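Since the model is a prediction, treat every value here as computed from it, not as a measurement. Start at 1 and go down the list; that is how both ligands and their atoms are numbered.
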Amino acid sequence: MYEGEINMVIHAHGGEADVNVYETHIEIILKDKGPGIKNIEQAMQEGFSTAPDQIRSLGFGAGMGLPNMKRYTDDMNIESEVGVGTTVTMRVDL
Ligand SMILES: Nc1ncnc2c1ncn2[C@@H]1O[C@H](COP(=O)(O)OP(=O)(O)OP(=O)(O)O)[C@@H](O)[C@H]1O
Ligand SMILES: [Mg+2]
């Protein structure tokens with residue numbers, strides 16, 4: 001969730017997080033009105049990043065956030081439209 005939040009700060013000028021806690025699972029919905037992701041498959045690859053130098057100097061931009069979010073959740077889905085925004089939904093089973 002932290003990685004998703006930071007992505008919204010760095011890549012999308014902020015956004016909203018909704019967390020629903022159920023007996024069986026936790027659902028996290030991260031929604032922003034940023035620039036959107038042109039190529040989701042590419043963005044999911046380890047090491048791919050569009051973070052500028054200033055952001056890299058702060059320790060971000062390894063291109064590992066999205067792959068790690070997928071690795072550590074039971075389900076993850078990205079919906080994105082260029083110029084409209086991005087919604088990342090994650091599910092963690094309990
Ligand atoms: N919410 C978002 N809106 C627009 N683009 C995004 C968003 N989240 C991710 N991206 C794009 O996907 C790329 C890969 O994201 P990822 O989190 O894997 O790496 P990163 O944020 O660049 O670096 P790291 O997470 O390792 O600090 C980003 O560089 C950016 O181009
Ligand atoms: Mg990231």
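Among protein heavy atoms, the minimum distance from atom 12 (O) of ligand 1 is reached at Ala43 CB, 3.5 Å. When hydrogens are left out, the protein atom nearest atom 29 (O) of ligand 1 is Thr50 N, 2.8 Å; that is the closest non-hydrogen contact. Among all protein heavy atoms, the one lying closest to atom 19 (O) of ligand 1 is Gly63 CA, 3.2 Å. The protein heavy-atom contact nearest to atom 25 (O) of ligand 1 is Gly65 N, 3.1 Å. Nearest to atom 27 (O) of ligand 1 among the protein's heavy atoms is Gly61 N, 2.8 Å. Nearest non-hydrogen protein atom to atom 22 (O) of ligand 1 is Ser49 OG, 2.5 Å. Scanning the protein for heavy atoms near atom 14 (C) of ligand 1, the closest one is Phe48 O, 3.4 Å. Nearest protein heavy-atom contact of atom 5 (N) of ligand 1 is Ile37 CG1, 3.4 Å.
Residue-environment remark: CD (Glu27) exceeds the threshold of 12 foreign heavy atoms within 6.0 Å.
Note on ligand 1: Pro67 sits in its first shell, one or more heavy atoms being nearer than 4.0 Å.
Residues Val19 and Ile26 have side chains in contact (heavy-atom distance under 4.5 Å, counting atoms from C-beta outward). Considering only heavy atoms from C-beta on, Asp32 stays 4.5 Å or farther from His13 through its side chain.
Of the listed residues (Gly36, Gly14, Gly85, Gly34), the one carrying the non-hydrogen atom nearest atom 4 (C) of ligand 1 is Gly36. Ranked by closest heavy atom to atom 3 (N) of ligand 1, the top entry among Ile10, Thr86, Asn68 is Thr86.
Leu94 and Ile29 end up in different hydrophobic clusters when Ile, Leu, Val, Met, Phe, Trp and Tyr side chains are linked at under 4.5 Å. In the hydrophobic clustering of ILVMFWY residues, with side-chain heavy atoms under 4.5 Å counting as a link, Met8 and Ile10 come out apart.
Contact annotation for Asp32 and ligand 1: only side-chain heavy atoms (C-beta onward) come within less than 4.0 Å of the ligand. At a 4.0 Å heavy-atom cut-off, ligand 1 touches Glu3 through the side chain alone.
Without hydrogens or angle criteria, Asp74 side chain to Asp93 main chain gives a donor-acceptor distance under 3.5 Å. Of the possible donor and acceptor atoms, none in the side chain of Arg91 sits under 3.5 Å from a partner among the backbone N and O of Asp75.
For Leu66, a nitrogen or oxygen atom sits less than 3.5 Å from a nitrogen or oxygen atom of ligand 1, counting backbone and side chain alike.
The existence of a salt bridge linking Lys33 and Glu81 is excluded, since no basic side-chain nitrogen approaches an acidic carboxylate oxygen closer than 4.0 Å.
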